[in-house]
Amino acid sequence: MHAITTFDSAEMLIGEAWVTADETLAVQDPSTGEEIARIARGGAADIDAAVSAAEAALAGEWGRMSAAERGRILARIGQAVAAEVEMLALLEARDVGKPLKQARADALALARYMEFYGGAADKLTGQTIPFQAGYTVYTLREPHGVTGHIIPWNYPMQILGRSVGAALAAGNACVLKPAEEACLTALAFARIARDAGLPVGALNVVTGLGAEAGAALAGHPRVHHISFTGSVPTGALIQAAAGKNIVPVTLELGGKSPQLVFADCDLEAALPFLVGPGVQNAGQTCSAASRILVQREIFDEVATRMAEAYRALRIGPAVEDLDVGPLVSARQKAIVAGFLDALPAEQILARPELGELPPGGHYVAPALVAGAAPGDRIARDEIFGPVQVLLPFETEAEAVEIANGTDYGLVAGVWTANGARQFRLARDLRAGQVFVNNYGAGGGVELPFGGIGKSGHGREKGFEALYGFTTLKTVAVRHD
Ligand code: NAI
Ligand code: MG
């Protein structure tokens with residue numbers, strides 16, 4: 001096993017200071033169950049200090065900086081992250097159990113977010129608006145001020161990048177609360193960003209528990225916007241806490257994303273996209289392709305081919321860089337096992353062998369499920385593990401009804417050669433993103449992303465995110 005050589009000092013970044021807390025929390029390697037580091041158990045006082053540090057940044061150098069200069073700093077941070085991809089990937093692999101190549105992809109995405117939002121910072125403009133004679137009216141895109149970022153453990157670097165990157169580009173000062181299961185790359189990023197020239201207080205990182213540091217941030221009266229990715233129940237708590245202060249929130253709460261596979265599609269092209277986005281990151285992906293809807297004529301063929309792919313999956317410790325690593329925690333493993341244990345055995349179509357694995361790791365053999373009804377829990381609820389459910393359909397109308405038949409609406413995929421159907425389904429599917437003859441689980445820095453229904457509201461990623469991280473001021477000047 002590789003040793004964690006950096007950033008295991010249980011410090012948080014508040015303003016210019018790296019500070020400790022009275023208590024610390026263990027950081028566990030999910031591949032082995034070993035404790036590999038400790039993080040600070042920050043609380044309400046630390047959040048308050050971080051908000052003050054962010055306010056000071058807005059009143060100082062950061063708040064006065066030109067958009068071009070902010071962009072230049074973000075671009076420099078992106079280059080510095082790109083130079084540390086291997087270190088960051090290893091840290092993430094050990095911290096959350098993500099196979100190295102997936103961790104590397106996340107680190108590269110973090111660099112790319114900084115590059116993208118660095119380039120966008122000075123292109124965010126307002127409008128001039130024709131009004132009555134003798135007036136000039138224009139709009140200003142202004143930062144909210146202090147933005148809170150509460151992020152999960154499944155794609156720590158990507159979600160940090162899309163959220164903090166856009167907020168900084170728009171001129172906000174950030175308080176980041178990473179998930180207690182995944183703080184190491186956030187702390188490493190903060191060091192890289194400061195070294196690359198990010199002014200003091202523009203980014204503050206407070207580690208700790210959701211119910212403590214997280215709740216303090218969500219309910220802080222001097223925070224002006226909260227961006228959250230995570231579970232539906234926690235999203236509801238955060239929206240309620242922010243609501244008390246009339247603070248806007250962006251919520252990205254996961255899904256039960258379908259891919260619709262029609263008999264006329266190019267199946268060879270589709271197959272890698274059917275399994276990959278289901279088991280990537282051990283299925284702990286908000287936009288995982290967790291439901292595969294297949295037209296009856298090709299159902300058996302798709303089931304057979306996917307079952308073959310499942311049996312060939314290799315599972316092991318993150319640093320061995322196989323197809324599937326462990327789940328992030330014993331708790332997450334128990335959630336997924338709960339779903340699978342409740343299933344009739346004949347509904348499990350294929351599962352690979354687990355083989356010899358470190359006994360303390362949180363491994364679950366991926367499971368391909370068939371024979372469940374669309375309304376069954378396994379086919380309707382988010383599992384957040386390496387489980388995909390195959391569902392047959394006869395007609396396009398039935399496919400749409402099944403696809404839209406959950407509380408979620410994050411991503412959908414459509415595989416068909418029929419051009420009119422491609423456009424029709426892009427219109428009819430309830431989702432924040434629709435992929436036609438491809439599928440991206442989490443990819444695409446440039447692509448606006450977010451959900452409808454219980455998948456949340458607001459959009460992150462792409463240029464669109466910058467609107468969410470700004471407020472609009474209308475200025476009407478009367479001059480005759
Ligand atoms: P969670 O939603 O509770 O945690 C996500 C973040 O929220 C973490 O930073 C956590 O510290 C923080 N948090 C927790 N309680 C809070 C509170 N009361 N106030 C403010 N912040 C709080 O999710 P958890 O417990 O890690 O995972 C449970 C389930 O959530 C998973 O099984 C999965 O279904 C879903 N999930 C969805 C994600 C997505 O990408 N949409 C990401 C992670 C989890
Ligand atoms: Mg961990």
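Numbering starts at 1 and runs along the sequence shown. Both counts, for ligands and for their atoms, begin at 1 and track the order of listing.
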Discussion item. Is there a side-chain contact between Phe449 and Val411 in this structure, where contact means two heavy atoms from C-beta onward sitting under 4.5 Å apart?
Written reply: yes

Worksheet entry | Numbered atoms and elements of ligand 1 in range of Glu252, under 4.0 angstrom, heavy atoms | 41 (N)

Practice prompt. Return the residue, atom name and 0.1 Å-rounded distance of the protein heavy atom closest to atom 34 (O) of ligand 1.
Written response: Glu382 OE1, 3.1 Å

Worksheet, complete the sentence: ligand 1 atoms nearer than 4.0 angstrom to some heavy atom of Ala179 are 8 (C), 9 (O)

Item to complete: May I ask whether Arg331 places a heavy atom under 4.0 Å from ligand 1?
Response: yes

Discussion item. Side chains of Ser257 and Tyr408 only: does a donor on one sit below 3.5 Å from an acceptor on the other?
Written reply: no

Worksheet entry | Closest protein heavy atom to atom 26 (O) of ligand 1, given as residue, atom name and distance to 0.1 Å | Trp153 NE1, 2.6 Å

Practice prompt. Would you mind checking if Arg380 and Asp407 are paired as a salt bridge, meaning a charged N to carboxylate O distance below 4.0 Å?
Written response: no

Discussion item. Suppose we measure from atom 18 (N) of ligand 1 to each protein heavy atom; which comes out shortest, and what is that distance?
Written reply: Leu237 CD1, 3.7 Å

Worksheet item: Among protein heavy atoms, which lies nearest atom 31 (C) of ligand 1, and at what distance?
Response: Gln332 OE1, 3.6 Å

Practice prompt. Please tell me if the side chains of Thr207 and Glu11 come closer than 4.5 Å, counting only heavy atoms from C-beta onward.
Written response: no

Worksheet item: Nearest to atom 7 (O) of ligand 1, what protein heavy atom do you find, and at what distance?
Response: Phe228 CE1, 3.2 Å

Worksheet item: Do Ser227 and Glu460 have side-chain N/O donor and acceptor atoms under 3.5 Å apart?
Response: yes

Worksheet item: Can you tell me the protein heavy atom closest to atom 28 (C) of ligand 1 and the distance?
Response: Ser231 CB, 4.2 Å

Worksheet item: Is Tyr155 near ligand 1, meaning one of its heavy atoms is under 4.0 Å from it?
Response: no

Worksheet item: What distance do Leu429 atom CG and Arg427 atom CZ have between them, rounded to the nearest 0.5 Å?
Response: 10.5 Å

Discussion item. Show the atoms of ligand 1 that are less than 4.0 angstrom away from any heavy atom in Ile150.
Written reply: 6 (C), 7 (O), 9 (O), 12 (C), 21 (N)

Practice prompt. Under 4.0 Å, heavy atoms only, figure out whether ligand 1 is touched by the backbone of Ile238, its side chain, both or neither.
Written response: side chain

Discussion item. For Glu252, is there an ion pair with Arg162 - N to carboxylate O distance below 4.0 angstrom?
Written reply: yes

Worksheet item: Does Lys461 make a cation-pi contact with Tyr113 (under 6.0 Å, within 45 degrees of the axis)?
Response: no

Item to complete: Give the single entry among Pro156, Ala215, Gly210 that approaches atom 22 (C) of ligand 1 most closely by any heavy atom.
Response: Gly210

Worksheet item: Looking at ligand 1, does any of its N/O atoms fall within less than 3.5 Å of an N/O of Gly254?
Response: yes

Item to complete: Specify the protein heavy atom at minimum distance from atom 44 (C) of ligand 1: its residue, its atom name, and the distance to 0.1 Å.
Response: Phe384 CE2, 3.7 Å

Worksheet, complete the sentence: of all protein heavy atoms, closest to atom 10 (C) of ligand 1 is Glu180 OE1, 3.5 Å

Item to complete: Any atoms of ligand 1 less than 4.0 Å from a non-hydrogen atom of Gly214? List them with their elements.
Response: 19 (N), 20 (C), 21 (N)

Item to complete: State, yes or no, whether a side-chain contact exists between Ser290 and Ile383 at a heavy-atom distance under 4.5 Å.
Response: no

Fill in: Glu35, CD atom: more than 12 neighbouring heavy atoms under 6.0 Å
yes

Item to complete: Mark whether atom 13 (N) of ligand 1 lies under 4.0 angstrom from at least one protein heavy atom.
Response: yes

Worksheet item: Heavy atoms, side chains only, cut-off 4.5 Å: are His225 and Asn172 in contact?
Response: no

Worksheet item: Do any nitrogen or oxygen atoms of Thr229 come within less than 3.5 Å of a nitrogen or oxygen of ligand 1?
Response: no

Worksheet item: Within a reach of under 6.0 Å around CD of Glu142, are more than 12 heavy atoms found that belong to other residues, nucleotides or ligands?
Response: yes

Discussion item. For ligand 1 and Pro152, I'd like to know whether there is a polar contact (N/O to N/O, distance under 3.5 Å).
Written reply: no

Worksheet item: Between Ile151 and ligand 1, which residue portion shows a heavy-atom distance shorter than 4.0 Å: side chain, backbone, both, or neither?
Response: backbone

Discussion item. Salt bridge check, Glu446 against Arg112: does any charged N sit closer than 4.0 Å to a carboxylate O?
Written reply: yes

